[in-house]
Undergrad: 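Handing you this structure, nothing more for now.
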Amino acid sequence: MGSVKTEKRHGYDIHVRAVLVHHGLDVGHRHEGSAGQPDEGYLPLVQIVRDGEVCADWHVPRECDRRCSREEAQERGLAYALRLVGPQSSSNMSGAHAGVV
């Protein structure tokens, strides 16, 4: 699977990357979570582009879910972006989220 998931919706190009996030103070050591699972997960980073101009470039505004897979993070990021570029996208993209860079 590629590192960037790209979809076209309602005239927007949506690019979603998933970045590995380590929870804990020491990034150099893997902190073990419950049941011996690594205490890390993926955070979705979303970029929305229209006509070559970046309208939004941000992470989904909530905390990373520990042990969330890359695929799950990309799906969450895409679902959130689709709420912004839905049928009333011109009013959605002029709102508070559009200025987040």
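Everything quoted here is computed from the prediction, not taken from an experiment. Any value given below was found using the heavy atoms of this structure, including those in side chains, with hydrogens, waters and symmetry copies removed. Residue numbers count from 1 along this sequence.
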Undergrad: Flag the pair V46 / H15 as yes when at least one side-chain heavy-atom distance between them is below 4.5 Å, and no otherwise.
TA: no
Undergrad: Rounded to the nearest 0.5 Å, what separation is found between the CD atom of Q47 and the OG1 atom of T6?
TA: 9.0 Å
Undergrad: Quick one: do K5 and E75 make a salt bridge, cutoff under 4.0 Å?
TA: yes
Undergrad: Any idea which heavy atoms bring A73 and C68 closest together, and the distance?
TA: N-SG, 3.6 Å
Undergrad: To the nearest 0.5 Å, how far apart are CD in E40 and CG in L20?
TA: 4.5 Å
Undergrad: Look up atom CZ in R17 and atom OH in Y42, then write down how far apart they are to the nearest 0.5 Å.
TA: 13.5 Å
Undergrad: Do R50 and D13 pass the side chain to side chain contact (heavy atoms under 4.5 Å, CB included) test, and can you show the C-alpha distance, the side-chain angles, and the key distance before you say yes or no?
TA: CA-CA 6 Å; R50 184 171 194 148; D13 295 322; over 6 Å; no
Undergrad: To the nearest 0.5 Å, what is the distance between SG (C55) and OH (Y12)?
TA: 5.5 Å
Undergrad: Assess the residue pair V85 and I14 against the criterion (side chain to side chain contact (heavy atoms under 4.5 Å, CB included)); give the C-alpha distance rounded to whole Å, side-chain angles, the decisive distance to 0.1 Å, and a yes or no.
TA: CA-CA 9 Å; V85 300; I14 302 170; 3.7 Å; yes
Undergrad: Within this structure, what is the CD1-OH distance for the pair I48 and Y80, rounded to the nearest 0.5 Å?
TA: 9.0 Å
Undergrad: What's the verdict on side chain to side chain contact (heavy atoms under 4.5 Å, CB included) for E7 and L78, showing C-alpha distance, side-chain angles and the deciding distance?
TA: CA-CA 8 Å; E7 297 224 2; L78 179 61; 3.4 Å; yes
Undergrad: Where do S3 and Q74 come nearest, in terms of heavy atoms and distance?
TA: O-NE2, 3.5 Å
